[in-house]
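Presented below is the structure to which this report refers.
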Amino acid sequence: MSGHSPTQMRHLDGLPVLGNFIDGHFEYTDDLFPDISPVDGRVVAHVAQADAAMVDRAVRAARHALEAGAWGRSTVAERVAALRAIAGGIEARFEEFVAAEIADTGKDIHHTRTIDIPRGIANFRFFADLITTMGSESYHTDTADGMGALNYVTRRPVGVVGVIAPWNLPLLLLSWKLAPALACGNAVLAKPSEETPYTATLLAQVMADAGVPPGVFNLLHGFGAGSVGEAITRHPGIDAITFTGESATGTAIMHAAAPGVKPLSFELGGKNGAIVFADADVDEAADGIARSAFSNCGQVCLATERVYVERPLFSRFVQALRLRAEALSPARAAPGSGIGPLISQAHRAKVLGYYDRAVRDGAEVVCGGGVPRFGDARDSGAFVEPTVWTGLPDDAACVREEIFGPVCHVAPFDTEDEVLGRVNDSPYGLAAVVWTNDLRRAHRVAGRIETGIVWVNTWFLRDLRTPFGGIRLSGIGREGGMRSLDFYSETTNICIKL
Ligand code: NAD
Ligand code: 6OD
């Protein structure tokens, strides 16, 4: 291996070695694991897995940055300048970030250029703006002597925050938590998914170039249980944990964090429903559902996996959706316009297991249901066909369990009460979409859906000021806007008798 400056990336056999970033410099280990492209199974980088001693060193560096370093005494203006410099640093290396995200995920270039990387940048700018304009709460309290009391609320950082991220929107979902954590003055240990370590490693370089002091941002590569992920969640020096990933992983993290009674923010899985009323424009609804079911190969926590269509529109809608799904088939679509691969062979095996299960449970396969054949290197990738089913009962595994692939089941319904009962009958509660042109119905139905987010006649339209999160197995708490600042800061109420 060769390497020069503390933030320069090393190379081995012509491939980058993605290092851990601790106390302002990269640290490597001999314990390398491959970063594999799901497009064709090629190794795109080597990743240096961190060990428990490195997690320990990162926690000490973070604590030192807060207690002895400049970050602990930083002003809002200094942190805002750092966040803006980070955003500018990503922007300056935009194409490199795009290429790295695609190398890890195989996702399509349009999605990466218009959502993943720009939204990663926007998260830093948004929280810089928010922390600048944030006011503080105060209350005047009446007292028996008539003089009253003044209450006001101050904020300070929580301390050292563990940020654990998934692979589906790697930079976007990491920065969504990092930006508010840093804005509030915390130091961070970040763990990207083992499937997608690349952009987080570039981000470490950007942090250093932006002048973020050593120890404020630490990056640790590795796996979950029995590896770095678990070490972070069990470490007594971590003050709060914010996690995006599977609901079952959330349960494991709750167990690990329980002894320290650590604050947790969880954004977990979903089995999101969509309702299409007969008054909806069928093409608009089919376009919308094709987007919400198949974008990013269905690997979006907010993706629609079950659709309920009012009976008079059912057949037309199914055919309209079929045409759109077929156009996205990776082997048939024009280059760059079809869906990309799933993240890995392991995830494909899980998704294909559901394809088999749907058929065993009596589904009619409207389209897809298999693996595309390319006759080139992509046959070693993790592609599947976008798939639409009908005919499953509401208690079928494919209608109740999160699949996280390009799939949806479409069922007819007859009444508003009936469909609301079916949409709400889920162990999850993240997001829902309603397609209707009836204004009163839109408000009525949206208000009765039991999820953290409801879209009407759109999907994934995000305003970063709004609360984001889910109920039941979909998570704990909300982030977004002031909700993020509430999680990443501790408040003290000061009461002064006048
Ligand atoms: P995952 O839970 O397998 O992994 C997420 C992260 O947790 C990875 O970094 C992983 O290494 C780490 N991890 C795994 N086990 C751990 C453990 N025991 N202790 C500590 N860390 C551990 O999730 P994934 O497969 O990467 O992502 C897909 C899932 O994420 C889907 O269920 C999806 O719905 C969910 N997701 C939810 C949201 C949301 O905002 N609600 C957003 C994106 C993804
Ligand atoms: O848009 C966001 O801010 C956000 N948290 C999206 C999550 C997508 C889940 O896959």
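In each ligand, atom 1 is the first atom listed, and ligand 1 is the first ligand listed.
When heavy-atom distances to ligand 2 are checked against a 4.0 Å cut-off, Arg119 comes that close only through its side chain, counted from C-beta outward. When heavy-atom distances to ligand 1 are checked against a 4.0 Å cut-off, Phe223 comes that close only through its backbone atoms N, CA, C and O. Counting heavy atoms closer than 4.0 Å to ligand 1, residue Leu173 contributes side-chain atoms (C-beta onward) but none from N, CA, C or O. Contact annotation: for Thr244 versus ligand 2, there are no heavy atoms closer than 4.0 Å. Using a 4.0 Å cut-off between heavy atoms, Leu268 contacts ligand 1 through its backbone alone, with no side-chain atom that close. Heavy atoms of Pro192 found under 4.0 angstrom from ligand 1 belong exclusively to the backbone.
Counting only heavy atoms of the protein, atom 32 (O) of ligand 1 lies nearest to Glu402 OE1, 2.6 Å. Summary of contacts: the protein heavy atom closest to atom 26 (O) of ligand 1 is Trp167 CD1, 2.9 Å. For atom 11 (O) of ligand 1, the closest non-hydrogen atom on the protein side is Glu194 OE1, 2.6 Å. What sits closest to atom 8 (C) of ligand 2 on the protein, heavy atoms only, is Cys301 SG, 3.2 Å. From the protein, the heavy atom lying nearest to atom 36 (N) of ligand 1 is Cys301 CB, 3.6 Å. With respect to atom 6 (C) of ligand 1, the closest heavy atom belonging to the protein is Ala165 O, 3.3 Å. In this structure, atom 12 (C) of ligand 1 lies nearest to the protein heavy atom Ile164 CG2, 3.7 Å. Nearest protein heavy-atom neighbour of atom 22 (C) of ligand 1: Gly224 CA, 3.4 Å. The protein non-hydrogen atom at the shortest distance from atom 28 (C) of ligand 1 is Phe404 CE2, 3.6 Å.
An N or O contact shorter than 3.5 Å links Lys191 to ligand 1 by distance. Geometrically, ligand 1 and Asn168 share no nitrogen or oxygen pair separated by less than 3.5 Å. When only interatomic distances are considered, the shortest N/O to N/O separation between Ser247 and ligand 1 does not fall below 3.5 Å.
Among the candidates Asp395, Asp394, Asp425, Asp361, the single residue satisfying the salt bridge (Lys or Arg N to Asp or Glu O under 4.0 Å) test with Arg400 is Asp425. In summary, of the residues considered (Pro372, Cys297, Pro406, Pro38), a side-chain contact (heavy atoms from CB on, under 4.5 Å) with Phe383 occurs for Pro372 alone.
Side-chain atoms of Thr112 and Glu101 include no donor-acceptor pair closer than 3.5 Å. For the residue pair Lys177 / Thr242, a side-chain donor-acceptor distance below 3.5 Å is found, with atom types taken as modelled. Thr233 and His255 form no side-chain donor-acceptor contact under 3.5 Å, judged by distance and modelled atom types alone. Counted by atom type alone, Gln205 and Thr7 present zero donor-acceptor pairs between their side chains at under 3.5 Å. The closest side-chain donor-acceptor pair between Thr29 and Gln49, if any, does not fall under 3.5 angstrom.
Every atom of ligand 1 with a heavy atom of Ala225 under 4.0 Å away is listed here by number and element: 15 (N), 16 (C), 17 (C), 18 (N). Of all atoms in ligand 1, listed by their number and element, those nearer than 4.0 Å to a heavy atom of Phe468 are 40 (O). In summary, the atoms of ligand 1 found under 4.0 Å from a heavy atom of Phe243, numbered by their order in the structure, are 2 (O), 5 (C), 6 (C), 7 (O). Set against the non-hydrogen atoms of Thr244, the atoms of ligand 1 under 4.0 Å away are 5 (C), 36 (N), 37 (C), 38 (C), 39 (C), 40 (O), 42 (C), 43 (C), 44 (C). Residue Leu430 approaches ligand 1 through these ligand atoms, each under 4.0 Å from one of its heavy atoms: 41 (N). Listed by atom number, the atoms of ligand 2 under 4.0 Å from Arg462 heavy atoms are 1 (O), 2 (C), 3 (O). Those atoms of ligand 1 that come under 4.0 Å of a heavy atom in Thr249, given as number and element, are 1 (P), 2 (O), 3 (O), 13 (N), 14 (C), 15 (N), 16 (C), 17 (C), 22 (C). Remark: ligand 1 atoms within the under-4.0 Å shell around heavy atoms of Glu230 are 19 (N), 20 (C). For ligand 2, the atoms closer than 4.0 angstrom to any heavy atom of Leu173 are 4 (C), 5 (N), 6 (C), 7 (C). Every atom of ligand 1 with a heavy atom of Gly229 under 4.0 Å away is listed here by number and element: 19 (N), 20 (C), 21 (N). The ligand atoms of ligand 2 that sit less than 4.0 angstrom from a heavy atom of Asn168 are 9 (C), 10 (O).
Counted within 6.0 Å of CE on Met134, heavy atoms from surrounding residues, nucleotides or ligands total more than 12; the atom is thus considered enclosed.
Checking atom 24 (P) of ligand 1 against the protein gives a heavy-atom contact under 4.0 Å.
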Checking ring pair (Phe, Tyr, Trp, His ring centres under 6.0 Å) for the pair Phe33/Phe223: CA distance, chi angles, key distance, verdict?
-> CA-CA 10 Å; Phe33 65 90; Phe223 299 80; 4.6 Å; yes

Decide yes or no on side chain to side chain contact (heavy atoms under 4.5 Å, CB included) for Thr201 and Thr199, but give the supporting numbers first.
-> CA-CA 5 Å; Thr201 312; Thr199 47; over 6 Å; no

Step by step, would you call Glu194 with Trp167 a side chain to side chain donor-acceptor pair (under 3.5 Å)?
-> CA-CA 8 Å; Glu194 55 275 29; Trp167 46 256; over 6 Å; no

Hey, mind stepping through Val228 and Val55 against side chain to side chain contact (heavy atoms under 4.5 Å, CB included) and telling me if it holds?
-> CA-CA 7 Å; Val228 168; Val55 172; 4.2 Å; yes

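Within the 3.5 Å criterion, the main-chain N or O of Ala48 finds a donor-acceptor partner in the side chain of Asn20.
Using bins of under 30°, 30° to 60° and over 60° for the plane-to-plane angle, the ring pair Phe460/Trp455 lands in the perpendicular bin.
The closest approach between a heavy atom of Ser193 and any atom of ligand 1 is below 4.0 Å. Using a non-hydrogen distance threshold of 4.0 Å, Phe266 does not register as a contact of ligand 1.
Between His409 and Thr390, the closest heavy-atom pair is NE2-C, 3.5 Å. The nearest pair of heavy atoms linking Asn186 to Leu66 is C-CD2, 4.0 Å. In this structure, Ala82 and Ala210 approach most closely via the heavy-atom pair O-CB, 4.3 Å. Considering every non-hydrogen atom in both Asn218 and Ala61, the closest pair reads OD1-CB, 4.2 Å.
For atom 40 (O) of ligand 1, the nearest non-hydrogen atom from the set His221, Glu267, Lys350 belongs to Glu267.
A cation-pi contact links Arg462 to Trp176, judged by a cut-off of 6.0 Å to the six-membered ring centre and 45° from its axis.
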